[in-house]
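Reading through the structure tokens given below for one structure.
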Amino acid sequence: MYSLTPLTGPLGKQNAGHLLRRATYGPTQKDIKEIALLTAEEAVNMLFETQDEPDAPIDPLTGENWVSPKPGEDNSDEEELRKYFAAWHLELMRKEPLNIREKITFFFHTHLPVAYSKVSLSTPVYYQNKLYRHFAFGSFKTMFRKLVIDNAMLWYLDNTFNYVDEPNENFAREMLELYTIGKGPQIGQGDYTNYTEDDIKEAARVLTGYIFDEEFTTYDQDLLPETQIATGYVYTYDENLAVLHDPGVKTFSEKFQNQQIQPDEIISGFATKEATLTELDEMIDMIFSQEETAKFLVRKIYRYFVYYKISDEVEEEIIVPLAETFRDNDYSMVAVLKQLLKSKHFYDADNSETTDDSIGALIKSPLDLFMGALKFFKLDFPSEPDKLYRELYGNVLLSYFYIMGMPLYNPEDVAGYPAYFQGPGYNRNWMTPTNLAYRYYPVYALILGIKNDDGEALLEFDIVGWLDHPDNISDPSNTKEMVREFTDGLFSKSLPEERLDYFIDNIFMDGLPSSYWTTEWVKYKDGGVDTTVRALLHRLMIGLMQSPEFQLF
Amino acid sequence: MKRRSFIKKSFGAAAVPVFLNGLPLRTFANEFTKLTAGSPNDHVVVMIQLMGGNDGLNTLIPLAQYDQYAENRPFVAIPEEGNRKYILLNEIDPPEKQLGLHPDMSHFKQMYDEKLVTIVQNVAYENPDMSHFRGRDIYFMGGGTNDYWHSGWMGRYLDGTYEGYPDEYPNDEMPDPLGLEFGYSMSLIYQREEGIPAGMAIIDPESFHQLISGGGIDPPDWLPDSHFGDEMKYLMDLELKANQYGDRIKEVYDAGINSPNVTYPETYPGEVEEGYKKNDLAWQLQIIARMLSGGSKTKTFLVKLNGFDSHAEQVLENDTTQGVHAALLYHLSSAIKAFYDDLKDQDLDTRVVTCTTSEFGRRVNDNASFGTDHGTAAPQFLFGPMLKQQLIGNPPDLSNLDDGNLIYEFDYRQIYTSILFDWMETPLEILDEVHWTDFVDSRLDLFHTPDGIDDGKGFAAVTEMSVYPNPATTNTNLKFTLKKAGHIHLAIYDLNGRIVRQLFEGNKVVGEHLISTSVQGLKKGYYLVRLRSGYKITGKKLLVQ
């Protein structure tokens, strides 16, 4: 029924659009046309081309980055800096060439979240993001091992307060339940199929003694000199004795083959720093060698990139083989995603049934929705940092995401944004009547533009100019063909004839014959004013971007 | 999200999104819902979700075991001396049952003294789950550790009670949302097994109405049978319900008031970090009171208070009586007190029962970060004048723990089944759909009995009431018979549920009674004469001509 066999032949427009919408933050018409000519193999490989590490974010107040070294007195307030970080990340998404790196980076954030309500500094959040980006095309397992002692995570789930004499289980619990192997059904007291309550306690003991580095000057040695990522560290006395670490023997349950972990060097009753770190490596190896870990993670990946319901058949025919790929390739994101995104399954081409088609079956996140629109219409953003980060993003755009139901970098749950973990609805969690109403707002931002307090334009969109470009629309004067081409690129599926007519007759032409548009467009092109065509196009834009079709991808 | 007519409007040239003008409110033809045997009564339940897992042991301290309590949690223990010691719950309790409230719960204590609180101790369920998500899901699902339903108990209850939802709603008998929660997402509690949830999530009635008054287009006429089609249908149903309820919610809200004598609390007066200063619960209860005041027939509400996951910094380092947990308990107590004061002033209090819920309690021992980790059993609280008992269960036994955690005494469904079966008068067939028939026998006896007879509060048993002449032009007479002496309240209400004539409140003896009143000065139209005794209400329509 389902198959990971690679798709062959040129992708065509629908598949190209589907791939680009799921793997990037939004294609343009031109992107879709170009990728349509490639095969899945070629297109997916292109998405995985390596890019340089981006420069650190800029504080408009100083014109320089504030994360390395950490913010000084001349820098903006933390509250502002947090916004600048989020804005910087969004800009990376917006300006990214056709590449999947930012999607994977953000996927890591949705799976391993952080929230400003707890971790109220921008610098550790930046470094966590840097870690994610560095490993977007790398090994999930290696990334996770480093994430355990990442400053933001140490703070977020209190592992920086986890000491031998007073253990704090918070991180250990969520590590097993949410981030690695996942919780199974409770089959006995404290027994969650994949691990037990006792395993949580033992894991917490392995995790004792790591500290948040307030100076952000401890850098990951493995990653230097290539990249500089600040981490937490083992708290030591005399540089070598891990006095806050539990030096005892940790014994795990039969779920983990009764494995025992203990320091391989003890001095004066304390584990050494190296021995402490080795224990952590061993525990990570132990968790990641369980079959269920790869499956749990692959299900997360599948839900993020493909569809939120996983039937028994999909589990057996897609998830299990992908998990094997994941495991066999040291948890390589590239290996598993390439296999998935090149497969017939991803393009609904693995069987002739249409009832299980998943193209267009995910409700967009506010990020996909709004960022997708900004990229599709190729909006120009200001380049001056103060206008861009403080005025446009800081004062306006960031709050859009919030009211649409996506508090960026501040999810309420330690499991992240509900759309990515809360069954059975998953993506349906983006939708409440309130959120839906706010999701209709982005179109107004495009139509009305956004100005700052002095009346200067921060964002302006010229729909007439967009329509008039052959990259976007081949023949703007032909009403039906124009709307057809417009909607083919904007929506995940080509509209049925009847629905296309509705958009043309009821929304665009509002009862007038479609020749009316042609007449007006020709008048404009002949040297007339653009008032009428602009007004008509605005009406069409509103209808298109407030349709249920637009909410899905 | 109205139909395409909005497109013809022009919008302002503001730089930020503008709220489009709402379309004119449709005039609401008011009909009285007859309290027939088949339709639900007018009782309301408000669930308060204490998000994160409330530390029951610091909320309610078992005083007979104080030494052990203090020894087990030295970093967070509430002191037993000084001006910030615990509040003694009830000096009449025998020593081994005595309990101390957190010192910031004085409003709670006041309500307790007025018999407006029921405390049920050691609530959880078998094999409790200490994960936030699974724990919360279990409570919202209304199941046990091995249940994995896609629906919530309120969703199933509403689905069974309001047949034909969503297609046949709103309608004249039930023009209001079946359930309401506040926030940006819809909780499992309102999910049904299939389709859109039974409840609605809004931020507040005003902005909700402004919001949904503009935007949206007609949906397609047909949908493909595919996952894409499924999601389209979901979106369309959601939008349709929002449209239909948007006007009504605002109408009811505008028609309602909060009592001018009540000030809802805003901040915690003690010391706590900035993020917890503000009372995030009060505004939600305030809206509910106002909507009930405006005539809303919504029977179920979910409100939330976040921050109880106190792994670290549950208390201040130099003062265990202040800090995050203290602030939250203060917010909870003061908000509920204001809520019930407001409801009482408007004669709505006997209709409303409020109940707390939390995914778990917390461990007996504290940790090194002035906090506590996930635990198991904890006390839960109910509020309202119709509660029968004050204290149910025994103090938690600190010397009989299960791996450092408290052992439960009552399954939470023993409380909830009483809420549905006794308070909401849910028929057994529907209770069965909620999957709680097994708990009928073991349910707790929480509420005053339906026929109004109760020695504790002395409500009278009422039989018939008649109103004549009807229609009336100058005067009218109300004749009623009491089978048992007791406290009654008789008044005339307008279509918005507001009292226009207060006729009598007080004790009456057994037998026939006659109360006359003038109707001059009342606008022509329909009114409702209501005789209330306990929570039994007898109503008669009166037409003034």
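Letters A, B, ... mirror the listed sequences (proteins, then strands); counts begin at 1.
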Drop me the distance from [X]'s [atom1] to [Y]'s [atom2], to the nearest 0.5 angstrom.
X        : Y        : atom1 : atom2 : answer
A:Ser547 : B:Leu235 : OG    : CG    : 10.0 Å
B:Asp230 : A:Asp357 : CG    : CG    : 11.5 Å
A:Lys309 : B:His227 : NZ    : NE2   : 6.5 Å
A:Ser358 : B:Phe228 : OG    : CZ    : 12.5 Å
A:Asp191 : B:Thr145 : CG    : OG1   : 12.0 Å
B:Asp309 : A:Asp158 : CG    : CG    : 8.0 Å

Quick test of your reading of the model: are [X] and [Y] salt-bridged, counting only N-O distances below 4.0 Å?
X        : Y        : result
B:Asp403 : A:Lys201 : yes
A:Lys183 : B:Asp129 : yes
A:Arg428 : B:Glu231 : yes

Testing the basics here: between [X] and [Y], what is the closest heavy-atom pair and its distance to 0.1 Å?
X        : Y        : value
A:Asp413 : B:Arg136 : OD2-NH1, 3.8 Å
A:Asn168 : B:Asn367 : ND2-ND2, 3.6 Å
B:Ile217 : A:Pro548 : CG1-CD, 4.3 Å
B:Asp373 : A:Pro167 : OD2-O, 3.9 Å

Considering only heavy atoms, which portion of [X] lies under 4.5 Å from any heavy atom of chain A: side chain, backbone, both, or neither?
X        : result
B:Phe75  : side chain
B:Met51  : side chain
B:Asn146 : side chain
B:Pro128 : backbone
B:Met200 : side chain

Quiz item: For A:Glu177 and B:Ser131, what are the C-alpha separation, side-chain angles and deciding distance, and is it a side-chain hydrogen bond (donor to acceptor under 3.5 Å, both in side chains)?
Solution: CA-CA 8 Å; A:Glu177 178 176 340; B:Ser131 138; 2.5 Å; yes
Counting neighbours of [atom1] on [X] that are heavy atoms of other residues, nucleotides or ligands and sit closer than 6.0 Å, is the number greater than 12?
X        : atom1 : value
A:Glu353 : CD    : yes
B:Glu193 : CD    : yes
A:Lys118 : NZ    : yes
B:Asp225 : CG    : no

Practice problem: Please report the C-alpha distance between B:Glu126 and A:Gln189 in whole Å, then the side-chain angles of each, then the deciding distance to 0.1 Å, and finally whether the side chain to side chain contact (heavy atoms under 4.5 Å, CB included) criterion is met. | Solution: CA-CA 9 Å; B:Glu126 204 177 329; A:Gln189 194 157 5; over 6 Å; no
Quiz prompt | Most contacts with chain A, counted as non-hydrogen pairs under 4.5 angstrom, among B:His311, B:His150, B:Arg134 | solution = B:His311
Quiz item: For the candidates B:Ser226, B:Pro220, B:Gly52, B:Pro197, which exhibits the highest count of non-hydrogen atom pairs separated by less than 4.5 Å from chain A?
Solution: B:Pro220
Can you say whether [X] sits under 4.5 Å from chain B via the side chain, the backbone, both, or neither, judging by heavy atoms?
X        : answer
A:Phe553 : neither
A:Ile359 : backbone
A:Val414 : both

Quiz prompt | Worked check of side chain to side chain contact (heavy atoms under 4.5 Å, CB included) between B:Arg363 and A:Glu169 | solution = CA-CA 11 Å; B:Arg363 265 203 199 298; A:Glu169 292 172 5; 3.1 Å; yes
Quiz prompt | Residue selection (most heavy-atom pairs with chain B, distance under 4.5 Å) from A:Glu498, A:Glu174, A:Gln551, A:Met545 | solution = A:Glu498
